[in-house]
Q: 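If you scroll down you'll find the structure; I have some questions about it.
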Amino acid sequence: MDKNEEKQREEEREQVVSPWEVSSSGKIDYDKLIDKFGCQRLDQSLVDRVQRLTGRPPHVFLRRGVFFAHRDLNDILDAYEKGEKFYLYTGRGPSSEALHLGHLVPFMFTKYLQDAFKVPLVIQLTDDEKCMWKNLSVEESQRLARENAKDIIACGFDVTKTFIFSDFDYVGGAFYKNMVKVAKCVTYNKVVGIFGFTGEDHIGKVSFPPVQAVPSFPSSFPHLFSGKDHLRCLIPCAIDQDPYFRMTRDVAPRIGYHKPALIESSFFPALQGETGKMSASDPNSAIYVTDSAKAIKNKINKYAFSGGQESVELHRKLGANLEVDIPVKYLSFFLEDDAELEHIKKEYGAGGMLTGEVKQRLAKVLTELVERHQVARAAVTDEVTLLHAITETE
């Protein structure tokens, strides 16, 4: 093995990004991920084009580069410009009772896309996946899917254009036929190469990828898209889900469908620092949508990693290191006002603002966001079923 190969392997060990694990010895290198996965960087010309086609300002996640990579977004926009509609597909693996703010990011962005383009949406709850990967019982996975569905519904999607389903409830019929078509096209060696399965993994894991692949195909939903087998699909997701859709895009033309397009986000960092995703097993690594105002304030003050200096005197002199400061990163996600964000960055970076002031502003922003969500969530009753039929898909 030459030195270049050795260095590359060492870097791969330092940074692991897969649908089931995100870890790094430092910050995630997104340029490296783009090279490794083969997607494209989402540049300003695409952001401008979305604004022009929708007639509304780009979402904060788009204009600040939270959604930073894509596959074939131009093709979707070309088709849309010619009057062809598309549909959105996103999902959630229900492994915890409540969602944290990182879980909300794709749903907040998907709501913007649905409103801006006025298109239908399917949301997959992979309760079967979590049953297999997290060693949850079937019944517990289904219960968590029902609870998570309420949080997703609370994001405010257009109920006439949104279909939420759990795999345990919905897989069968046309959906299952597409799963079999996909499965026949992917060899065992290929699936091992993409997902890194080993001889210790049970066959449920090896057989799961087609389940997440086929919502990309409109014929999987005959009650929604009958006779629209060539409808295009756009998938907003975090970049760790990319391997599923690399596989899907490879298979799609071979079974008569368009390749799904993707728009992919970076990871929302843990309170303790930017080394990957938050952990549901550590409640202090994240702000949850069930947290009280007091809990939010305490978590930010106690756990949010600061780029401020050790003393006020030193901070006034040197300013904060914004590259590692978590409160500033969280404000970059959730503070709508661009001018205020720039003011905070400038003042804090120059030592004019102290860490306590920035954390206080963040606590206010997040408390307002979470309390709004809690009010919306309380309005979603137990009678709300997971199966929402779309009544309008034009």
Side-chain angles (χ1 to χ4, degrees), residues 19-20 88-111 114 121-159 161-171 175 204 208 211-212 215 236-238 240-241 265 267-268 270-271 277-296 299 334 366-390:
W20 311 289
L88 296 162
Y89 156 40
T90 194
R92 158 89 184 127
S95 60
S96 59
E97 186 100 23
L99 274 57
H100 57 56
L101 293 185
H103 295 140
L104 280 190
V105 167
F107 294 112
M108 292 170 73
F109 187 64
T110 301
K111 174 177 163 46
Q114 183 182 56
L121 161 67
V122 296
I123 299 174
Q124 178 182 44
L125 297 170
T126 55
D127 44 6
D128 52 343
E129 177 200 21
K130 292 308 174 186
C131 175
M132 289 189 283
W133 262 268
K134 297 288 185 181
N135 201 25
L136 298 170
S137 69
V138 170
E139 294 74 21
E140 178 64 1
S141 299
Q142 288 182 295
R143 186 186 73 80
L144 292 175
R146 286 191 292 272
E147 291 304 310
N148 285 190
K150 293 172 188 174
D151 277 314
I152 293 166
I153 292 165
C155 291
F157 296 106
D158 181 344
V159 292
K161 288 184 167 71
T162 304
F163 175 63
I164 304 177
F165 66 98
S166 84
D167 290 341
F168 278 135
D169 289 335
Y170 186 71
V171 171
F175 192 100
F208 175 75
V211 185
Q212 190 160 321
C237 62
D240 60 331
Q241 299 301 303
S265 73
F267 303 118
F268 189 68
L271 282 166
K277 291 199 300 186
M278 286 161 290
S279 167
S281 60
D282 179 4
N284 292 320
S285 70
I287 306 291
Y288 284 83
V289 295
T290 49
D291 284 345
S292 66
K294 184 181 178 184
I296 291 169
K299 282 184 179 181
F334 296 119
L366 296 189
T367 298
E368 288 172 359
L369 171 70
V370 168
E371 286 181 348
R372 274 198 311 274
H373 182 87
Q374 289 171 353
V375 169
R377 171 70 154 75
V380 180
T381 62
D382 285 337
E383 284 71 41
V384 174
T385 174
L386 284 179
L387 291 171
H388 288 269
I390 295 179

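Quick note: numbers below take in every heavy atom, side chains included, and nothing from hydrogens, waters or symmetry partners. In this text the structure is predicted, and so the values were computed from the model without any measurement.
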Q: Give every residue pair that meets the side-chain hydrogen bond (donor to acceptor under 3.5 Å, both in side chains) criterion with at least one member in residues 130-140, sequence neighbours excluded.
A: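 Output for this query lists Glu140-Arg143.
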Q: Of all the heavy-atom pairs spanning Ala293 and Glu371, show the shortest one and how long it is.
A: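 In terms of heavy atoms, the two residues are closest at CB-OE2, 3.9 Å.
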Q: Shortest non-hydrogen contact from Asp291 to Val370?
A: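 Closest approach of Asp291 to Val370: O-CG1, 3.6 Å.
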Q: Distance check, rounded to the nearest 0.5 Å: Ile287 atom CD1 versus Leu99 atom CG?
A: 14.0 Å
Q: Would you check if Met108 and Lys111 make a side-chain contact, meaning some heavy-atom pair closer than 4.5 Å?
A: no
Q: Which heavy-atom pair separates His373 from Ala154 by the least distance, and what is that distance?
A: CE1-CB, 3.8 Å
Q: Looking only at non-hydrogen atoms, find the nearest pair between Gln374 and Thr290 and report the distance.
A: NE2-C, 3.5 Å
Q: Does Phe109 have any ring-ring contact (aromatic ring centres under 6.0 Å, His included) partners at least two apart in sequence or in another chain, and if so, which?
A: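 For Phe109 the ring-ring contact (aromatic ring centres under 6.0 Å, His included) partners, ignoring immediate neighbours, are His59, Phe67, Tyr112.
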Q: Whether the side chain of Gln114 engages the backbone of Phe157 through a donor-acceptor N/O pair (distance < 3.5 Å, no angle test) should be reported.
A: no
Q: Please verify the inter-ring angle class for Tyr170 with Phe175; under 30° counts as parallel, over 60° as perpendicular, anything in between as tilted.
A: perpendicular
Q: Looking at NZ of Lys299 and OH of Tyr288, how far apart are the two atoms once the value is rounded to the nearest 0.5 Å?
A: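 Output value for this atom pair is 6.5 Å.
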Q: Which atoms form the tightest heavy-atom contact between Leu104 and Cys155, and what is the distance?
A: CD2-SG, 3.9 Å
Q: If we check side chain to side chain contact (heavy atoms under 4.5 Å, CB included) with Arg92, which of these qualifies: Asp151, Asp127, Leu125?
A: Leu125
Q: So, taking the atom named OG1 in Thr110 and the one named CD1 in Ile123, what distance separates them when rounded to the nearest 0.5 Å?
A: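 Between atom OG1 of Thr110 and atom CD1 of Ile123 there are 7.0 Å.
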